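Scroll down for the structure; my scribbles are underneath it.
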Amino acid sequence: MIELLYAVSTLVFVVAGLTMVGMAMRAYVQTSRQAMLHLSLGFSLAVAGAAATMISAFLTGFAGPRSLLLVNSGLTTFGYLFVMYSLVTYE
């Protein structure tokens, strides 16, 4: 049951994150602001971390949770750094 809840919550996060990526890319096309590219990259990294962790977890039978958490938190952290950078550099 917990695996199903994890998969569903991760999939919701991935869909929401990819929606944000699409919105940021559309904003970049409309405004040509570099901050929107950074925002898109940030959300892409966060989504990649969540998706890679979920896929790896199911492929390995949830073995090696420390490695899974390291990949997830590393990519999410770098993603949020790009999101913060996009907010700071927005003109």
Side-chain angles (χ1 to χ4, degrees):
M1 180 66 175
I2 193 76
E3 290 89 356
L4 178 64
L5 290 174
Y6 171 63
V8 169
S9 66
T10 300
L11 290 174
V12 169
F13 179 80
V14 167
V15 169
L18 291 178
T19 301
M20 293 297 295
V21 169
M23 293 170 72
M25 289 305 297
R26 185 171 10 143
Y28 173 71
V29 169
Q30 291 174 350
T31 65
S32 298
R33 292 184 184 265
Q34 291 291 326
M36 294 299 105
L37 285 178
H38 296 121
L39 184 65
S40 177
L41 180 60
F43 281 113
S44 295
L45 286 171
V47 166
T53 302
M54 183 185 73
I55 292 167
S56 297
F58 280 103
L59 287 177
T60 63
F62 291 86
R66 290 180 180 163
S67 300
L68 294 173
L69 291 173
L70 179 63
V71 169
N72 187 11
S73 64
L75 286 172
T76 303
T77 299
F78 280 114
Y80 286 147
L81 288 174
F82 273 100
V83 170
M84 289 177 3
Y85 183 71
S86 74
L87 297 172
V88 170
T89 61
Y90 188 80
E91 301 167 356

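Note that the numbering runs from 1 along the sequence shown for the chain. Computed from a predicted model, the values in this text were never measured in an experiment.
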Distance-only donor-acceptor hits, side chain of residues 4-20, under 3.5 Å, sequence neighbours excluded:
residue: Y6; atom: OH; partner: M54; partner atom: N; Å: 3.4
residue: S9; atom: OG; partner: L5; partner atom: O; Å: 3.1
residue: S9; atom: OG; partner: Y6; partner atom: O; Å: 3.1
residue: T10; atom: OG1; partner: Y6; partner atom: O; Å: 2.8
residue: T19; atom: OG1; partner: V15; partner atom: O; Å: 2.8

Measure the acute angle between the ring planes of H38 and F82, then classify it against the limits of 30° and 60° as parallel, tilted or perpendicular.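 Correct class here is parallel.
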Ring pair (Phe, Tyr, Trp, His ring centres under 6.0 Å) partners of Y80, counting only residues at least two apart: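 For Y80 there are no ring pair (Phe, Tyr, Trp, His ring centres under 6.0 Å) partners, ignoring immediate neighbours.
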Which residues satisfy the side-chain contact (heavy atoms from CB on, under 4.5 Å) test with [X], sequence neighbours excluded?
{"X": "S56", "answer": "L68"}
{"X": "R33", "answer": "T31, M36, Y90, E91"}
{"X": "L37", "answer": "M25, Y28, Q34"}
{"X": "L81", "answer": "T77, F78, M84"}

V88: which other cluster members, linking ILVMFWY side chains closer than 4.5 Å, directly or transitively?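 Listed partners: none, V88 stands alone.
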Could you state whether L41 and L39 fall into the same hydrophobic cluster, counting links through intermediate Ile, Leu, Val, Met, Phe, Trp or Tyr residues with side-chain heavy atoms under 4.5 angstrom apart?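 Result: no, two separate clusters.
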Using the test side-chain hydrogen bond (donor to acceptor under 3.5 Å, both in side chains), find all partners of S40 that sit at least two apart in sequence or belong to another chain.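 side-chain hydrogen bond (donor to acceptor under 3.5 Å, both in side chains) list for S40, sorted by chain: empty.
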How would you list all residue pairs meeting side-chain hydrogen bond (donor to acceptor under 3.5 Å, both in side chains) that involve residues 61-75, not counting sequence neighbours?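 Sorted pair list: N72-T76.
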Do you know the tightest heavy-atom contact between T89 and A35?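 That closest heavy-atom pairing would be OG1-CB, 4.1 Å.
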